[in-house]
S.K.: 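Structure below; questions to follow.
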Amino acid sequence: MFGHRKEQTEAWPLTGRVCTLLDVPQGRKFRIVEIKGGPGLHRRLLSLGFHRGDLIALDGEALLGGPVLVKNLNSDTRIALGRGIARKILVEPADENER
Amino acid sequence: MNDRVPVIVFVGQPNSGKSTLFNAIAGFKAQTSNFPGTTVCHAHSEVAWKDRIYSIVDLPGTYSLTPQEPQEKVVLTHIFKERPDLIVNVIDASLLCRNLELTVELLELEYPMVVVLNMMDLAEKKGLTIEVEALEKKLGLPVIKTVATRGQGTRELMDRVEKVLAERQTPRHLKYSGEVESRIKKLTERLPADFPVIANPRFTAIRAIEAETLAVDKFILDNNPDFKNDLDQVRQELSALREAPAYEVLAAERHHLALKIFEDCCRVRHARLSGLEKLDSFIMHPVLGLFLLLLVFAGMFYLIFRVGSPLEAWLLKPWEALRLGIQEKYGQNLLAELLVGLVQGIGGGVAIVFPYFIPLLLLMGFLEDIGYLARAGFLMDAFMHRLGLHGKSVPLFILGFGCNVPAIMATRILESRRDRIITALLIPFIPCAARTTIILALVAFLLGPWWALGFYALNLVVVAVLSSLLTRIFKYSSPGLILEIPGLKWPSLKNILQKTYFNLKEFIRFAWPILIAGSVLLSLLSFVNFDRLVNAILSPFVSGLLGLPSELGVTLIFGFLRKELSLLMMFQALGVGYEQLLSVLSRAQLLTFVTFVSFFIPCLSTLAILWKELGRKIAMVSVLLNLSVAVLVSWLVRLAFSLF
Ligand SMILES: Nc1nc2c(ncn2[C@@H]2O[C@H](COP(=O)(O)OP(=O)(O)OP(=O)(O)O)[C@@H](O)[C@H]2O)c(=O)[nH]1
Ligand SMILES: [Mg+2]
């Protein structure tokens with residue numbers, strides 16, 4: 001929970017494995033599989049340009065259970081998401097060469 | 001064309017540079033800042049271009065036409081109700097792909113429209129090459145490149161606007177994939193005859209499908225029971241096509257159209273990591289970033305103090321001499337008293353504005369322009385959660401250090417009303433530029449910088465304690481942070497200077513005259529001994545509870561207008577000059593008084609904006625809250641001094 005999560009090189013990528021945005025290492029490419037949670041949240045993320053199938057990467061996180069920083073590699077935008085929300089975004093590892 | 005003034009609205013995603021472009025065309029009228037959500041209500045201006053008058057409207061940014069925040073709803077009112085003659089869609093060219101999603105949506109209105117690719121300088125730096133002709137062809141719209149900060153491209157834009165209006169060019173919408181398009185067509189044909197059509201039937205049908213789960217949906221359906229069946233069926237079919245809610249299917253269609261256009265018209269060379277990006281990873285670093293945040297604010301106030309205090313001492317001298325000269329020459333008659341009042345009012349203004357106010361505005365402008373506000377929100381989110389709010393309030397508090405009024409207006413960017421109310425109730429406790437000036441000019445100047453810093457710390461503690469109390473009273477779970485982090489930008493000096501000038505003008509136009517008039521009025525009141533009456537009435541409170549000289553009572557009345565007034569008038573009320581203040585007041589008394597005045601009521605303009613934004617009840621709550629906090633905290637300060 002504390003500090004900067006170091007780039008984890010060991011176990012990734014486990015292709016086909018779906019996990020939440022909270023469980024992924026920084027800097028790797030992932031694809032959005034599903035956005036859980038109510039329609040309010042869903043719409044908000046859609047309008048910010050985060051859609052199913054988009055490539056994203058975790059770009060940083062704040063201390064002490066603070067938000068995570070998510071970069072959308074398709075549209076090159078960054079948003080900060082609280083952990084409660086990041087938990088509702090399911091992703092799967094994507095090929096590093098994909099775009 | 002007829003003689004009516006054509007209305008042109010600027011629509012675009014937040015932070016795309018609409019207000020900057022508006023200012024470049026219409027003269028400096030709107031606030032700009034590198035933070036998504038700077039403009040929260042519209043600004044409009046009449047502009048003459050080649051013998052014609054145009055009415056140009058700068059709107060808040062909106063990510064899509066399905067509004068979620070109150071300021072985004074302003075956009076819809078303008079587009080739907082007050083049907084504009086032309087839409088200028090301002091795009092941040094460096095974020096072309098996402099910005100195009102809104103463009104596709106706006107195209108569906110089939111209103112006359114011109115697309116502006118703003119921030120071309122940033123796009124080029126990022127390695128983006130955009131083929132304008134290809135883009136024009138794909139969209140069926142004129143596309144103009146601009147760099148709003150340098151005023152580049154504004155002439156071409158106005159020429160194009162003129163042409164489009166003269167030729168009455170209206171664009172056609174882009175086509176979704178066949179299976180989706182056929183469903184929309186089906187619904188379009190079933191629209192009841194009396195259905196309120198917005199723009200055109202296809203657009204109306206799309207809106208109706210997307211209204212699923214929104215409040216308007218129930219309204220539409222209750223009034224049209226027959227239509228309900230058709231709508232439900234179309235939604236189900238769309239949903240079945242992609243295994244997603246219908247609204248997502250349509251959003252995804254636009255997303256793919258935008259992606260396709262982007263790929264067809266745009267080439268990306270991979271640029272190497274710029275210096276700014278390296279700086280950004282430092283700013284956003286979970287540990288170092290927090291240190292930097294502390295350093296930035298501590299450094300800022302230290303710098304202002306170092307610059308301000310020698311300047312203040314130097315600026316005060318001639319006014320002080322003038323005051324003594326007048327008293328010596330004319331003695332104790334009405335004219336002399338009024339003159340002294342005048343001199344103290346003007347001199348107070350000079351000694352405040354130049355040494356502290358201007359540097360503070362310049363530094364705040366710098367932080368806003370590089371894009372630091374959103375980053376502070378990101379870094380402080382975890383901390384804010386402990387106080388029951390979230391990080392999106394942080395940029396608003398920081399704005400409040402400049403002036404409380406725009407900060408309260410900006411609370412519109414918060415999604416929930418509960419967060420909006422709590423943040424707006426807390427903002428008046430944030431020391432604005434005028435109050436900071438007083439803290440620096442009085443506390444730091446007379447008692448030393450550490451006392452000022454301590455006062456600041458006390459102030460922030462009060463805000464934190466109040467926040468956790470208030471959030472405990474209004475209990476809901478906060479929805480969690482969703483905040484766009486705009487790219488870090490090199491600040492534009494012109495922009496910062498313009499912004500400082502804009503705020504300074506407000507101060508000189510409104511605050512300073514009040515300061516001078518108040519000062520003269522106080523002289524008059526004291527000459528006819530009216531102040532004694534007020535002081536006597538307030539004495540049990542002022543002397544009894546707070547242990548202050550009862551002469552200060554009358555200054556509190558003026559504090560209702562502007563807080564700095566009370567503080568400046570204390571010299572006059574006590575009948576001493578600046579440097580002799582500590583001969584009549586003890587350290588404890590000075591701090592008690594500054595504490596009380598800082599908190600005791602939101603200034604008149606803050607109160608007015610609270611009333612307007614959140615209603616009378618909240619404004620009254622705010623007054624009561626401020627009063628009780630002021631009494632409690634200043635009494636505690638007095639107590640603390642008597643104990644130690
Ligand atoms: N480099 C560069 N910066 C620009 C340009 N146009 C605007 N900016 C900067 O972009 C930031 C955002 O500008 P605004 O005009 O406030 O944006 P807006 O679209 O009005 O934003 P909202 O009111 O939040 O919707 C400011 O810091 C501007 O200085 C441009 O052409 N080039
Ligand atoms: Mg704006």
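So that the names make sense, note that chain A is the first sequence line, chain B the second, and so on, each numbered from 1.
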S.K.: Atom CG of A:L48 and atom OG of B:S64: how far apart are they, to the nearest 0.5 Å?
M.R.: 9.0 Å
S.K.: Using heavy-atom distances under 4.5 Å, tell me whether A:I35 contacts chain B through its side chain, its backbone, both, or neither.
M.R.: neither
S.K.: Counting C-beta onward and ignoring hydrogens, is there a side-chain heavy-atom pair between B:I485 and A:D59 closer than 4.5 Å?
M.R.: no
S.K.: Parallel, tilted or perpendicular for B:Y247 and A:H42, by the 30°/60° rule?
M.R.: perpendicular
S.K.: When you compare the side chain of A:L46 with that of B:H255, does any pair of heavy atoms fall below 4.5 Å?
M.R.: no
S.K.: Heavy-atom pairs under 4.5 Å with chain B - which of A:P67, A:G82, A:G38 has more of them than the others?
M.R.: A:P67
S.K.: Going through the checks in order, is the side-chain contact (heavy atoms from CB on, under 4.5 Å) test met by A:I85 and B:I482?
M.R.: CA-CA 8 Å; A:I85 290 173; B:I482 304 182; 3.5 Å; yes
S.K.: With the threshold set at 4.0 Å, does a side-chain nitrogen-carboxylate oxygen contact exist between B:R98 and A:D76?
M.R.: no
S.K.: B:L96 versus chain A, heavy atoms under 4.5 Å apart: side chain, backbone, both or neither?
M.R.: neither
S.K.: Going from CZ on B:F378 to CG on A:L81, what distance comes out if it is rounded to the nearest 0.5 angstrom?
M.R.: 10.0 Å
S.K.: I need the minimum non-hydrogen distance between A:S47 and B:Q13, along with the two atoms involved.
M.R.: O-NE2, 4.3 Å
S.K.: Counting only heavy atoms closer than 4.5 Å, note whether B:E248 contacts chain A via side chain, backbone, both or neither.
M.R.: both
S.K.: Are any of the side-chain heavy atoms of B:L483 and A:I79 separated by less than 4.5 Å?
M.R.: no
S.K.: What distance do A:D54 atom CG and B:C97 atom SG have between them, rounded to the nearest 0.5 Å?
M.R.: 8.5 Å
S.K.: Heavy-atom distance under 4.5 Å to chain A: side chain of B:E484, backbone, both or neither?
M.R.: both
S.K.: So which residue, A:G53, A:A80, A:G66, ends up with the most heavy-atom pairs under 4.5 Å with chain B?
M.R.: A:A80
S.K.: Is B:D280 salt-bridged to A:R78, going by a charged N under 4.0 Å from an acidic O?
M.R.: yes
S.K.: Side chains of A:R83 and B:H385: closer than 4.5 Å at any heavy-atom pair?
M.R.: no
S.K.: Rounded to the nearest 0.5 Å, how far apart are CD of B:E253 and NE2 of A:H51?
M.R.: 11.5 Å
S.K.: Return the CG to CD distance between B:D381 and A:E61, rounded to the nearest 0.5 Å.
M.R.: 13.0 Å
